[in-house]
Amino acid sequence: MKPSIILYKKLPDDLRSRLDEHFTVTEINNLNAETVAQHAEAFQQAEGILGSGGKVDGEFLKKAPKLRVASSVSVGYDNFDVDALNQRGVVLMHTPTVLTDTVADTMMALVLTAARRVVEVAERVKAGEWQGSIGADWFGVDVHHKKLGILGMGRIGLALAQRAHLGFNMPILYNARKQHSEAETRFDAQYCDLDTLLKESDFLCISLPLTDETHHLIGEAQLAKMKSSAILINAGRGPVVDEQALIAALKNGTIHAAGLDVFEVEPLPVSSELLTLPNVVALPHIGSATHETRYGMARDAVDNLIAALSGNVEKNCVNPQVLK
Ligand SMILES: NC(=O)C1=CN([C@@H]2O[C@H](COP(=O)(O)OP(=O)(O)OC[C@H]3O[C@@H](n4cnc5c(N)ncnc54)[C@H](OP(=O)(O)O)[C@@H]3O)[C@@H](O)[C@H]2O)C=CC1
Ligand SMILES: O=CC(=O)O
């Protein structure tokens, strides 16, 4: 008999067929308390789940007593309680690598867009304000040769360093928990402590996961250490930055501008003051959102689930210790 799984994300037809070949699939729209209650019997039987978003914690695990594998269509896994999964022996799979270049492209796009005010001036053109030679009030600031600080020198941080250093001649500073020789050798990146990163970066680019240690790592005190000309880019997770402190810093000129792909609450509420600030570029969490990359992530998540449920895990596992 095929193992039962819950699918909580729409997949391209070929990938859905591949899942059907291996499993008995119950498809639901989202993973939340309501859908779990609606499909209680399917969750009772499920040995695997595949999707993105939704909280998977100890309470959820009680509703899925046979669960062996969770396969997330994302690299970030802050919505999973990994300790609870470990206690239950549930394998957590994710999709690193396939999205790295696309997310780094998005971060570079945010750097350029925020510095050159691309969205703001394009809106002025559409509004019919381009009536003659533009003046200094339309100008942005240079990107090339400025110091780019990377907070979180993992896969995405490294790909951003490549773009910024080789493409834009930017000196790279970075902070992570440990030094990264590849970034230092290939892109001449200089390791520094967080304070130095804050004080010296023209662009502070955040590619950190959300953990207990990184929650609100950037708050009022840290923003106050940045240059008043600095631009903050966040494509890691929203809660790494204290959003109220960021709004204050952007309003009172503590920092110059921000380019944000992630927020404390997503979707960003339309009432958010961030949306009223001309020096903010706000994107709807599109870091990996290209057709090619989203297909690749879904494909990897399907392969990950098949591999893990058949006991053949070779890569993409968050908690390999439960396999032993
Ligand atoms: N906006 C979007 O659409 C996307 C956002 N993301 C986000 O980007 C994150 C990073 O992805 P990826 O690069 O693949 O992950 P990696 O695990 O490769 O890199 C994470 C980096 O963060 C560093 N780090 C972790 N905790 C701390 C800390 N407390 N202080 C300093 N540095 C820390 C790690 O340090 P060390 O190397 O020393 O261990 C590592 O360098 C994801 O977790 C996700 O949240 C990812 C994809 C898309
Ligand atoms: O935010 C996206 C991810 O893959 O993590």
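Basis for what follows: all heavy atoms, side chains included, without hydrogens, waters or symmetry-related copies.
Donor-acceptor pairing under 3.5 Å is lacking for the side chains of His39 and Glu34. Glu184 and Gln190 share no side-chain donor-acceptor pair at under 3.5 Å. Under 3.5 Å, the side chains of Thr290 and Thr293 contain a donor-acceptor pair of N or O atoms. Side-chain contact check for Arg294 and Ser288: at least one donor-acceptor pair (N or O, by modelled atom type) lies under 3.5 Å. Residues Ser17 and Asp14 bring no donor and acceptor atom of their side chains to less than 3.5 Å of each other.
More than 12 heavy-atom neighbours from other residues, nucleotides or ligands sit within 6.0 angstrom of NZ on Lys2. Within 6.0 Å of CG on Asn252 lie more than 12 heavy atoms contributed by other residues, nucleotides or ligands. Shown here is Glu220, whose CD atom has no more than 12 heavy atoms of other residues, nucleotides or ligands within 6.0 Å. Counting heavy-atom neighbours within 6.0 Å of Phe23 CZ, excluding the residue itself, gives a total above 12. Other residues, nucleotides and ligands place no more than 12 heavy atoms under 6.0 Å from the CZ atom of Arg116. Shown here is Trp130, whose CH2 atom has no more than 12 heavy atoms of other residues, nucleotides or ligands within 6.0 Å. When the shell of 6.0 Å around CG of Asn29 is examined, it contains 12 or fewer heavy atoms from other residues, nucleotides or ligands. With a 6.0 Å radius and a threshold of 12 heavy atoms from other residues, nucleotides or ligands, Glu314 has its CD atom at or below the threshold.
The minimum heavy-atom distance linking Ile134 with Phe139 is given by the pair CD1-CE2, 4.2 Å. Of all heavy-atom pairs between Leu148 and Ile150, the closest is CD2-CG1, 3.6 Å. Across all their heavy atoms, Ile231 and Ala114 have their closest contact at CG2-CB, 3.8 Å. Listed here is the closest heavy atom pair of Met226 and Ala230: CE-CB, 3.9 Å. Closest approach of Gly219 and Asp242 over heavy atoms only: CA-CB, 4.0 Å. Pairing each heavy atom of Val91 with each of Cys317, the nearest pair is CG1-SG, 3.7 Å.
Shown are Lys147, Lys227, Lys146; of these, the side-chain hydrogen bond (donor to acceptor under 3.5 Å, both in side chains) with Asp202 is made only by Lys227.
Atom CG of Asn175 is separated from atom CE of Met153 by 10.0 Å, given to the nearest 0.5 angstrom.
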Distance-only donor-acceptor pairs under 3.5 Å for side chains of residues 103-113, two or more places apart:
{"unit_1": "Asp105", "atom_1": "OD1", "unit_2": "Arg163", "atom_2": "NE", "d": "2.6"}
{"unit_1": "Asp105", "atom_1": "OD1", "unit_2": "Arg163", "atom_2": "NH2", "d": "3.1"}
{"unit_1": "Thr106", "atom_1": "OG1", "unit_2": "Thr102", "atom_2": "O", "d": "3.0"}
{"unit_1": "Thr106", "atom_1": "OG1", "unit_2": "Gly287", "atom_2": "O", "d": "2.8"}
{"unit_1": "Thr113", "atom_1": "OG1", "unit_2": "Ala109", "atom_2": "O", "d": "2.5"}

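Using a 4.5 Å heavy-atom threshold, the side chains of Ile49 and Leu305 count as separate. Cys205 has its side chain out of reach of Leu151: every pair of non-hydrogen atoms, C-beta onward, lies at least 4.5 Å apart. Two residues are said to be in side-chain contact when any heavy atoms from C-beta on lie closer than 4.5 Å; Leu50 and Val302 meet this criterion. Looking at heavy atoms from C-beta onward, Ile233 lies out of side-chain contact with Leu204 at the 4.5 angstrom threshold.
Contact check on Lys66 versus Glu47 returns no salt bridge, with no Lys/Arg side-chain nitrogen under 4.0 Å from an Asp/Glu carboxylate oxygen. Note on Glu27 versus Lys10: salt bridge recorded, some NZ/NE/NH1/NH2 to OD/OE distance being below 4.0 Å. Looking at Glu273 and Lys251, a side-chain N of the basic residue comes within less than 4.0 Å of a carboxylate O on the acidic one, giving a salt bridge. Glu59 has a carboxylate O that lies under 4.0 Å from a charged side-chain N of Lys62, or vice versa, which qualifies the two as a salt bridge. The pair Arg124-Asp137 meets the salt-bridge criterion, with a side-chain N (NZ, NE, NH1 or NH2) lying under 4.0 Å from an Asp/Glu carboxylate O. In this structure, Asp303 pairs ionically with Arg18, as a charged nitrogen and a carboxylate oxygen lie closer than 4.0 Å.
Tracing side-chain contacts under 4.5 Å through hydrophobic residues (I, L, V, M, F, W, Y), one never reaches Val118 starting from Leu232; they form parts of separate clusters. Under a hydrophobic-cluster definition in which Ile, Leu, Val, Met, Phe, Trp and Tyr are linked whenever side-chain heavy atoms come within less than 4.5 Å, directly or via other members, Val313 and Leu67 are assigned to different clusters.
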Verdict with reasoning, Leu246 to Leu223, per side-chain contact (heavy atoms from CB on, under 4.5 Å): CA-CA 7 Å; Leu246 177 64; Leu223 291 161; 4.2 Å; yes

Candidate pair Leu19 and Leu11, rule side-chain contact (heavy atoms from CB on, under 4.5 Å), full reasoning: CA-CA 10 Å; Leu19 271 189; Leu11 292 182; 3.6 Å; yes

Derivation of the side-chain contact (heavy atoms from CB on, under 4.5 Å) call for His94 and Val73: CA-CA 6 Å; His94 68 153; Val73 191; over 6 Å; no

Audit row: Asp261, Asn234, side-chain contact (heavy atoms from CB on, under 4.5 Å) steps and yes/no: CA-CA 6 Å; Asp261 187 43; Asn234 188 8; over 6 Å; no

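Among residues at least two apart or in separate chains, there is no ring pair (Phe, Tyr, Trp, His ring centres under 6.0 Å) pair with a member in residues 300-324. Listed by first then second residue, pairs satisfying ring pair (Phe, Tyr, Trp, His ring centres under 6.0 Å) with a partner in residues 140-182 read Tyr174-Tyr191, not counting sequence neighbours.
Side chain of Asn319 to backbone of Val322: no donor-acceptor contact under 3.5 angstrom is found. Side-chain N or O atoms of Ser207 include one that pairs as donor or acceptor with a backbone N or O of Gly152 at under 3.5 Å. Formation of a donor-acceptor pair under 3.5 Å by the Ser71 side chain with backbone atoms of Ala301 is found in this model.
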